Amino acid sequence: IKEGMTDQQIGLLFLTSALKYAEKEIRELLASIAEMTPEEFDKQPFDYPLDLIDELTEKEDLKLFLEKAQKLAQKIQNKQ
């Protein structure tokens, strides 16, 4: 995570990093957030997850979560 990244960029970075390790769980999480089944979620347009993330970044709870995630990632990176 780089200084000056937008919430959308951080959210996308977080999601793509998480997908490497938990694709099924992330898909189920995003489907749940969108209030649909994973099967319904899979039928959405290819860029739908990006639209969903963009919408989520407008919510204050997600912004707080991403700020905390960014601080934690930087803390971990500094220890390496």
Side-chain angles (χ1 to χ4, degrees):
I1 298 176
K2 297 179 183 176
E3 189 71 31
M5 290 179 76
T6 66
D7 291 338
Q8 288 87 355
Q9 290 170 321
I10 294 169
L12 185 57
L13 178 63
F14 178 78
L15 179 63
T16 55
S17 297
L19 279 173
K20 293 178 186 177
Y21 304 101
E23 182 177 349
K24 179 183 176 205
E25 291 82 0
I26 296 296
R27 182 178 132 256
E28 290 173 353
L29 173 64
L30 290 175
S32 174
I33 291 169
E35 298 180 350
M36 57 180 72
T37 67
E39 293 76 21
E40 291 170 325
F41 185 80
D42 289 344
K43 293 177 184 175
Q44 300 303 309
F46 183 73
D47 62 345
Y48 180 75
L50 299 177
D51 293 337
L52 182 59
I53 293 166
D54 187 43
E55 183 180 316
L56 289 173
T57 59
E58 300 301 320
K59 298 185 179 197
E60 288 301 316
D61 290 348
L62 183 65
K63 288 182 181 183
L64 181 60
F65 171 80
L66 292 174
E67 288 171 8
K68 288 181 178 181
Q70 180 180 14
K71 289 177 185 175
L72 179 59
Q74 288 173 341
K75 186 177 181 180
I76 292 169
Q77 190 175 30
N78 290 336
K79 288 186 177 185
Q80 294 180 354

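Since the model is a prediction, treat every value here as computed from it, not as a measurement.
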Run the side-chain hydrogen bond (donor to acceptor under 3.5 Å, both in side chains) test against Glu25 and tell me which residues pass, sequence neighbours left out.
none
Side-chain donor-acceptor pairs under 3.5 Å in residues 26-35, sequence neighbours left out?
unit_1: Arg27; atom_1: NE; unit_2: Asp42; atom_2: OD1; d: 2.8
unit_1: Arg27; atom_1: NE; unit_2: Asp42; atom_2: OD2; d: 3.1
unit_1: Arg27; atom_1: NH2; unit_2: Asp42; atom_2: OD2; d: 3.2

Which pairs pass salt bridge (Lys or Arg N to Asp or Glu O under 4.0 Å) with one or both residues in residues 43-56, sequence neighbours excluded?
none
